[in-house]
Novice: 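I am attaching a structure below and will ask some questions about it afterwards.
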There are 2 protein chains.
Amino acid sequence: MDPHLLRTYLTVARLASFSEAARTLGYTQSAVSQHIAALEADLGLPLLTRRPVGPTPAGERLLEHAGSLLLRLDAARADLARFAAAPRETLTLVAAPLALSPHALAALPATGVTLRTLPRDEVPAAVATGDADLGLVDGIAAPSDPLRLPDVAPYTARRVAEEPLAVVLPAGHPLAGRPGLRLADLVDARWLDAPGAAFPLDRLRAAHAGPAGHGFRPALRYEGTDARTVAALAAAGHGLALLPFSAAAGIPGAAAVPLTAPRLVHRTELLRPNGEPTGLAAELIARLGAPPPATR
Amino acid sequence: MDPHLLRTYLTVARLASFSEAARTLGYTQSAVSQHIAALEADLGLPLLTRRPVGPTPAGERLLEHAGSLLLRLDAARADLARFAAAPRETLTLVAAPLALSPHALAALPATGVTLRTLPRDEVPAAVATGDADLGLVDGIAAPSDPLRLPDVAPYTARRVAEEPLAVVLPAGHPLAGRPGLRLADLVDARWLDAPGAAFPLDRLRAAHAGPAGHGFRPALRYEGTDARTVAALAAAGHGLALLPFSAAAGIPGAAAVPLTAPRLVHRTELLRPNGEPTGLAAELIARLGAPPPATR
DNA sequence: GTGGCTTACGACACCCGTAACAATA
DNA sequence: TATTGTTACGGGTGTCGTAAGCCAC
């Protein structure tokens with residue numbers, strides 16, 4: 001189970017072709033063929049069907065492991081590389097779309113920071129592999145509960161902000177006048193399916209904690225990352241949306257009704273590699289700073 | 001960053017000796033020396049001090065990564081090996097001490113099961129690496145909240161039981177008569193430090209969610225895994241203990257007072273490798289079975 | 001001087017590329 | 001027959017063990 005072999009296996013499975021994978025990796029087809037053969041011999045199992053090329057059941061299983069394995073390997077190398085490198089003048093901050101609260105934006109220093117936004121679940125990996133120095137992620141959690149983040153590497157997460165959640169509905173909606181709404185009352189409604197900008201619907205199903213599987217039927221799907229667009233879509237009656245209150249308020253034609261039950265908040269956390277932060281990173285951490293850190 | 005090199009690095013760091021590591025791994029000292037040199041050359045950093053042998057700061061960092069990396073590698077290999085192996089007649093179940101509720105014990109089939117108990121945080125690794133086929137872990141969580149388990153490998157966790165928590169105090173204790181107790185009122189008390197049988201004290205500090213760091217001062221330390229002993233120690237006045245109600249009740253000289261705030265339960269989950277369970281495992285899962293599974 | 005890590009060197013295995021082969025569409 | 005994966009073979013690289021050096025106690 002040499003990482004090289006895993007990497008070629010992953011590439012072959014992704015591209016569904018030995019020759020394409022060879023081109024991508026800078027090997028000959030022959031070498032790729034030998035890699036796969038070696039892996040199959042090592043594990044004693046066929047991993048790929050040939051012609052057409054695709055993973056066998058065992059291969060599917062290996063795919064689940066190989067990705068995170070290689071990711072962690074990259075993360076380890078990047079973490080050690082940071083140790084050797086001289087402290088840099090500039091710094092990259094990646095953020096999930098909804099993690100950029102006005103407060104966070106105001107806290108950015110004038111110069112030296114590059115900001116990039118990424119889908120929510122790619123942020124931890126970006127920080128782990130050193131693609132970014134710091135990351136802002138958001139999510140739904142019980143008040144003062146840490147987010148559940150994938151542990152692709154040992155990093156430190158620190159609370160940056162918590163704010164209430166709001167359900168966005170058209171201003172004319174029968175429930176729009178309510179002072180608060182309960183998730184349980186909205187299980188059967190149509191919801192905007194906007195995993196990039198709002199939250200994946202199965203996240204809502206999990207939060208609802210009812211009998212799993214059903215409810216929260218998807219209406220229109222939106223693949224962008226702009227929360228304002230989601231709110232506007234909700235205002236136009238394309239489906240409900242759950243957003244942090246600050247992102248939901250002030251949309252023309254929309255009503256933002258606080259979510260009262262279950263007791264959940266929109267939380268954002270700052271991710272950074274373990275260890276002492278360098279100059280500019282330390283400054284940014286302090287500016288965004290908030291309560292005590294929790295290492296994982 | 002060949003896994004072999006990581007393995008020898010880990011061994012050398014653990015044993016603080018090149019020659020000992022060589023004996024353990026079946027290499028010569030020379031080979032070990034070359035491994036370390038190769039790793040240091042690859043990363044461009046010194047990882048170990050010689051004479052005495054110990055990790056440098058960068059080496060410390062690598063240790064954090066290397067362990068889980070190799071664990072995941074083992075887990076992947078074990079998972080694939082299961083695919084090749086014939087379904088077995090016998091099955092190993094590992095359980096954390098407090099995860100064995102009377103209900104769970106009653107559900108075990110008459111034959112074919114080997115039961116082993118392990119410290120709480122070794123259970124997921126045991127299931128991942130195939131040392132065990134199924135695992136029972138317990139922990140403290142908000143009602144109907146899944147446990148926070150380390151994701152050493154892709155496995156499936158399924159709720160088996162939830163029950164209230166109780167504070168155990170001596171029968172004569174001033175608070176013993178109360179109908180319920182709040183964790184906040186007990187921050188300044190002395191607590192038994194019994195991470196094996198009860199819960200690590202920093203777990204309590206986290207649950208309390210107050211200003212981190214202090215509170216829940218440790219009294220006597222108990223390193224065994226017997227909950228009954230912990231309860232008896234609490235009865236004898238050696239410090240408070242938090243236990244699942246069923247484990248806390250019925251101890252002579254002890255009062256078990258339900259914990260009322262924060263709203264927490266003792267939850268136990270069944271861990272199994274992803275994929276279709278085989279015959280005997282499927283039976284056990286069904287017997288212990290409860291509500292819907294959640295894959296991670 | 002002894003124990004323990006490093007370096008030099010040689011044998012062997014492994015890995016990749018070239019090239020001939022096989023199988024599928 | 002064209003394309004794509006497999007197999008055979010040869011050269012280069014890497015890895016391990018033996019043995020000699022080096023350094024600290």
Side-chain angles (χ1 to χ4, degrees), chain A residues 1-60 62-63 66 69-70 73 76-77 80 84, chain B residues 1-60 62-63 66 69-70 73 76-77 80 84:
Chain A
M1 297 239 313
D2 187 323
H4 291 133
L5 304 189
L6 287 181
R7 198 167 58 103
T8 67
Y9 171 68
L10 215 58
T11 312
V12 171
R14 185 157 39 86
L15 300 177
S17 156
F18 282 56
S19 4
E20 273 303 312
R23 267 186 286 280
T24 311
L25 298 170
Y27 288 125
T28 60
Q29 297 102 322
S30 167
V32 170
S33 188
Q34 293 177 57
H35 277 192
I36 302 301
L39 203 53
E40 290 182 325
D42 179 20
L43 297 172
L45 286 167
L47 297 172
L48 291 170
T49 62
R50 328 289 152 107
R51 252 188 283 263
V53 173
T56 63
E60 293 275 8
L62 182 57
L63 285 176
L69 216 39
L70 294 177
L73 209 63
R77 161 158 268 124
L80 274 281
Chain B
M1 298 239 312
D2 186 324
H4 291 134
L5 303 189
L6 288 180
R7 197 167 59 106
T8 64
Y9 171 69
L10 215 58
T11 311
V12 171
R14 186 157 40 87
L15 301 176
S17 156
F18 283 55
S19 4
E20 273 303 312
R23 268 187 284 281
T24 311
L25 297 171
Y27 287 125
T28 95
Q29 298 102 320
S30 169
V32 170
S33 188
Q34 294 177 58
H35 277 191
I36 302 300
L39 204 52
E40 290 181 326
D42 178 21
L43 297 172
L45 286 166
L47 297 172
L48 291 170
T49 63
R50 328 290 153 104
R51 250 188 289 264
V53 173
T56 64
E60 294 275 8
L62 182 57
L63 285 176
L69 217 38
L70 294 178
L73 210 63
R77 159 158 270 122
L80 273 282

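Here is how names work: the chains are called A, B, and so on, in the same order as the sequence lines, proteins then strands, and each is numbered from 1.
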Novice: Looking at the base of dT24(C), is there any donor atom on it, or on the side chain of Arg51(A), that sits under 3.5 Å from an acceptor on the other one?
Specialist: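 Donor-acceptor pair under 3.5 Å: no.
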
Novice: Nearest-Å distance, CG (Asp2(A)) to C1' (dG14(D))?
Specialist: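 So the CG-C1' distance, Asp2(A) to dG14(D), works out to 13 Å.
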
Novice: Rounded to whole Å, please give me the gap between CZ in Arg23(B) and P in dG17(D).
Specialist: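 The answer, rounded to whole Å, is 14 Å.
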
Novice: What is the distance, to the nearest angstrom, from the NE2 atom on His4(A) to the P atom on dT13(D)?
Specialist: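 These atoms are roughly 17 Å apart.
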
Novice: What are the two closest non-hydrogen atoms of Pro3(B) and Leu70(B), and how far apart are they?
Specialist: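 Looks like O-CD2, 3.9 Å.
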
Novice: To the nearest angstrom, how far is Phe18(B) atom CZ from dA24(D) atom C1'?
Specialist: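 In whole Å, dA24(D) C1' lies 15 Å from Phe18(B) CZ.
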
Novice: Testing the basics here: between Ala22(A) and Gln29(A), what is the closest heavy-atom pair and its distance to 0.1 Å?
Specialist: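 Answer, listing the atom of Ala22(A) first, then Gln29(A): CB-N, 3.7 Å.
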
Novice: Report yes if a side-chain nitrogen or oxygen of Ser30(B) is closer than 4.0 Å to either non-bridging phosphate oxygen (OP1 or OP2) of dC16(D); otherwise report no.
Specialist: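 False: Ser30(B) side-chain N/O out of range (4.0 Å or more) of dC16(D) OP1/OP2.
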
Novice: Need to verify one output field. Residue with the more 5' nearest nucleotide on DNA chain C, Glu40(B) or Thr28(A)?
Specialist: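 Nearer the 5' end of the strand: Glu40(B).
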
Novice: What is the distance, rounded to the nearest whole Å, between atom CG of Leu48(B) and atom P of dG4(C)?
Specialist: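 In whole Å, dG4(C) P lies 16 Å from Leu48(B) CG.
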
Novice: If only side-chain N and O atoms of Ser19(A) are considered, is one of them under 4.0 Å from the OP1 or OP2 phosphate oxygen of dG5(D)?
Specialist: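 So the side-chain polar atoms of Ser19(A) do come within 4.0 Å of the phosphate oxygens OP1 or OP2 of dG5(D), strictly under.
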
Novice: Nearest whole angstrom, please: distance from the P of dT4(D) to the OH of Tyr27(A).
Specialist: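 Distance, rounded to whole Å: 21 Å.
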
Novice: With DNA chain C as reference, determine whether Gln34(A) or Ser17(B) sits nearer its 5' end, using the nearest nucleotide of each.
Specialist: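 Closer to the 5' end of DNA chain C: Ser17(B).
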
Novice: Rounded to the nearest angstrom, tell me the gap between atom CG in Leu5(A) and atom P in dC15(C).
Specialist: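 For the pair Leu5(A) CG and dC15(C) P, the rounded distance is 7 Å.
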
Novice: Give me the atom names and distance for the closest heavy-atom approach of Thr8(B) to His35(B).
Specialist: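 Shortest heavy-atom separation between Thr8(B) and His35(B) comes out as CG2-ND1, 3.1 Å.
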
Novice: CD1 of Ile36(A) versus P of dG5(D): gap in Å, rounded?
Specialist: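 After rounding, the reported distance stands at 11 Å.
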
Novice: Just compare dA8(D), dC5(C), dT18(D) and give me whichever is closest to any side-chain atom of Val53(B).
Specialist: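 Comparing dA8(D), dC5(C), dT18(D) against the side chain of Val53(B), the answer is dC5(C).
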
Novice: Does dC16(D) have OP1 or OP2 under 4.0 Å away from a side-chain N or O of His35(B)?
Specialist: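 Answer yes for this pair, as a side-chain N or O of His35(B) is under 4.0 Å from OP1 or OP2.
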
Novice: Distance-only, no hydrogens or angles: does the Ser30(A) side chain make a donor-acceptor pair with backbone N or O of Ser33(A) under 3.5 Å?
Specialist: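 Flag not set: sc Ser30(A) to bb Ser33(A) has no pair under 3.5 Å.
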
Novice: Step by step, work out the side-chain contact (heavy atoms from CB on, under 4.5 Å) result for Met1(A) and Leu43(A).
Specialist: CA-CA 8 Å; Met1(A) 297 239 313; Leu43(A) 297 172; 3.8 Å; yes

